[in-house]
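Here is the structure we will look at, set down as structure tokens.
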Amino acid sequence: MPDHRYDASEIEPRWQAVWADEHTWEVSNDAGRDRPRSYVLEMLPYPSGEPHIGHLKVYSVGDAIAHFRRRRGAEVLHPMGYDAFGLPAENHAIATGVHPRVSTNASIASFQRQFREWGISIDWSRELATSDPRYYCWTQWIFLQLFKAGLADRREAAVNWCPHDQTVLANEQVIDGRCERCGHEVEIRQLEQWFFRITDYAERLLDDLDTIDWPEHVKTMQRNWIGRSEGASVTFHQDDFDIDYPVFTTRPDTLFGATFFVMAPEHPDVLRLAAGTPHEQAVRDYVNHAMVASNAERGAMDKAKTGVPLGRSVTNPVNAEQIPMFVADYVLMEYGTGAIMAVPAHDERDFDFAQAHGLEIRRVIDGGELPYPGDGPLTNSGTDFDGLPNREARIRIVAALEAADRGRGAINFRLRDWLVSRQRYWGCPIPVIHCPSCGIVAVPEDELPVLLPEVEDYAPKGRSPLAAAEDWVNTTCPTCGRPAKRETDTMDTFVDSSWYFLRYCDARNETAAWDPAVLAEWMPVDQYIGGVEHAILHLMYARFFTKALADLGHLSFQEPFAALFTQGMITRDGAKMSKSRGNVVSPQAIVERYGADTARSYILFIGPVEQDADWSDDGVEGVHRFLSRLWRAAAEVAESTEPAAPPSQPQGADLELLRKAHWAIAKVTHDLDGRFAFNTAISAVIELVNDCYRLRSQVSAGSLRFALASAASLIFPFAPHVGADAYQLLTGERVWEEPWPVADPALLERDTYELVCQVNGKLRDRIQVASGLGEEELEQLALAAPNVREHIAGREITKVIVVPGKLVNVVVR
RNA sequence: GCGGAUGUGGCGGAAUUGGUAGACGCGCACGGUUCAGGUCCGUGUGGAGGUAACUCUGUGGAGGUUCGAGUCCUCUCAUCCGCACCA
């Protein structure tokens, strides 16, 4: 027997060259009208250093889906690009002096090379990088559309400031009071910044989750982040200053139990209210202390509720009671109106505060021990409401408030506007000009892109490094022509990645961001794939962009990603891979040692792709062994036999092997069609190859050839090079040009099967029976089975359950 | 605290609608091939008992529904993730 050796290092470059030379995976926007279109997209990589194992996983998943859909007849758009602006490249520049463009481009080159070496079927004609002026030109254009529509505005607000990265951060980028990127504790500063009004879309972002096919846990995370609360806005009047203070409450039914009123330390009126009262100095001290306290310090929930009186009172609109005002840091300026009505009897936090400060706790809902947050009839709430169930009382009280013009039903959201300015260099310039006489003026669209200027020093100094590029900053006002200055902030990189999936559809359009007619052909993305770590940030922002651009008439759909799949992380020794732990597995090392097909297949075989999985070097060997067995068998059969068809009336081992092949076709198809069960799909192909080996000396050459070609065809989406090579050896055809195989129903059926015989639910025997027998016959056969007879001997049969095709259960007493 | 997930052999995991628990891979044991190691080709492999046929037991724990539960229900424990004083 000739010595066939599976050599991935010879096979893989050979097929990669074919696909590159022939532009096999490119799709056109005008051709292919006879085929359904499918857009399969993995989240674009952030090009920093080398690709890691997570990249290998996400693109292995996406490529398997892309290949499967192509061979099932779809025209598949499967593009690639790079999220190329961002802090790491800039921090690297500060440390080394290397321009971020240089290091980013080097990294992109490495990603490109490895994606080709992995054999990912990418349409390279649509490749993009978000740092390319041909791309960010249109990021700026989108900014201007939002600006003109009033969805982008500049305003002063309390913002998160990272003292290390010297920039502001979006709320979503603050994790446990710390900067998502560098881990430094975040400070709160009052600064004028650019915002996108994502809160205008809160309701729609929430409602439309019901229209998309996303994992439930991702939808839940988004729902929680949006944080919709239904309740009422209730207005309390402050007599000394004649000011109305509206508050938001989810419990208007407890309004008669409001015994005090609390404002956040950041509330702009706090100092003014306390002025001239004996509490003025105490309030000043308290507010100063609260302002410098860290988020983490204030956020500790078990901390005692602190606060001081303001020396003023407000009027409760339902009973005209004067209730004292306080300032306390358990009230947040960012949520609601920055002030609350406190109902200590029915809210745990208000209860704690009342106890600590000796304030009245008045029960207004009958029920359990105080503080009691549950339902019950009202009490101490006046003759109009006492005795009513609180849910009904809530409606009536809101109606009464509305009639008196002191409140109304209201909905509040936790979601806040998206802060998009960054005082950093390596990002997309914000295309506006500040004119002393005209104010903020948009850069005219025909002057886009506003190119990122070259600077000497990238180091952040509390203002954008762009401010140092004086020739660039100083310009003229597009409106009045007088001297003006450019905006020096750059955009959050999440802006760049909130629309890249649109650009892929029409990537070479030089006159517009896209042609809406072209977009309508591909969008929305049919299958989006990425890490669950983007469940909130990227996915929420992309949805917001899509809705806003649709409202402005640029898009004809409401949701960017019709279906989403989130893959789990690859760990090593149970821990996230990191350089500091020294447990990093480099994809390149695995590819060099075993080949890309092994690396890709192993990652999909290791377990369900949506779950985290632990890397095992021994497991890789096992998958490599399997691919090697498949290829060697194909090479041997191709060399030692002539092509032949399987027998038309197979018997014995031929029949067994052909059945196995058709079973595998059905199994893999089922596992890929709508599911992402790659691990069991690969298992099925392994079983088929195992049977080829087991039966090879007993079957006809035609059957063996067919079984092995089927295995090659089925493994192709996961291991494209070895699949293509084995398939060509056996059939002379190119597997990716072949339709996906279809199982022959006649070979999926069996003429006999193993009937499970149970007594009282316990397995007692298995017998071979003919397919299609009726319940009556099956019952008789089961009762006659030797071990069944033994277990029912001398006992009374009370019932017999027959499930044709499966089992018979005899119930005895 | 709220929300979401996950618990199955020595390990990763499998189990369509409630119907043979442990597919497939790793590891391990044994046999064959090989000068030898590795490779390669087989056989076996949840635990306990038994020469064996077979029996008992077994899916984090405790109950329940059912002829039958890894799967459904109730309670509970553990681990992980997200949000966290959200009024």
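Note that the structure is predicted; figures quoted are calculated from it, not measured. Here is the naming used below: chain letters follow the sequence lines, and residue numbers restart at 1 for every chain.
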So what does [X] touch, heavy atoms closer than 4.0 Å: a base, only the sugar-phosphate, or nothing?
X	value
A:T250	sugar-phosphate
A:I340	base
A:R228	nothing
A:N412	nothing

Can you check the A:H670 NE2 to B:A23 P distance for me, whole Å?
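Rounded to the whole Å, the gap is 20 Å.
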How many whole angstroms separate atom NZ of A:K219 from atom P of B:G4?
14 Å
Nearest-nucleotide wise, let me know which of A:D671 and A:W663 is further upstream toward the 5' end of RNA chain B.
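Final value for this comparison: A:D671.
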Please round to the nearest 0.5 Å and tell me the distance separating atom CZ of A:F248 and atom CZ of A:F413.
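With rounding to 0.5 Å, CZ (A:F248) is 9.5 Å from CZ (A:F413).
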Interatomic distance at [atom1], [N] relative to [M], whole Å:
N	M	atom1	result
B:G22	B:G10	P	16 Å
B:U76	B:A52	C1'	44 Å
B:U65	B:C81	C1'	33 Å
B:A69	B:G64	C1'	11 Å
B:A14	B:C24	P	14 Å

Tell me if the aromatic rings of A:F494 and A:W418 count as close, with their centers under 6.0 Å from one another.
no
Does the ring centre of A:F326 sit less than 6.0 Å away from the ring centre of A:F261?
no
To the side chain of A:Y335, which of B:A87, B:A15, B:C26 is closest?
B:A87
List for me each residue that meets side-chain hydrogen bond (donor to acceptor under 3.5 Å, both in side chains) alongside A:D673, sequence neighbours excluded, and say none if there are none.
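With neighbours one apart ignored, the set is A:R72.
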With no hydrogens and no angle check, is any side-chain donor or acceptor of A:R251 less than 3.5 Å from a backbone partner on A:D253?
no
Taking atom types as modelled, find out whether A:D614 and A:T571 have a side-chain donor-acceptor pair closer than 3.5 angstrom.
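Short answer, yes.
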Below 3.5 Å between N/O atoms, which protein atoms pair up with nucleotides 17-21 of chain B? Just atom names and distances, please.
{"unit_1": "B:U20", "atom_1": "O2", "unit_2": "A:R766", "atom_2": "NH1", "d": "2.4"}
{"unit_1": "B:U20", "atom_1": "N3", "unit_2": "A:E754", "atom_2": "OE1", "d": "3.4"}

I'd like a list of close polar pairs between nucleotides 40-45 of chain B and the protein, N/O only, cut-off under 3.5 Å.
{"unit_1": "B:C41", "atom_1": "OP1", "unit_2": "A:R629", "atom_2": "NH1", "d": "2.7"}
{"unit_1": "B:C41", "atom_1": "OP2", "unit_2": "A:R629", "atom_2": "NH1", "d": "3.4"}

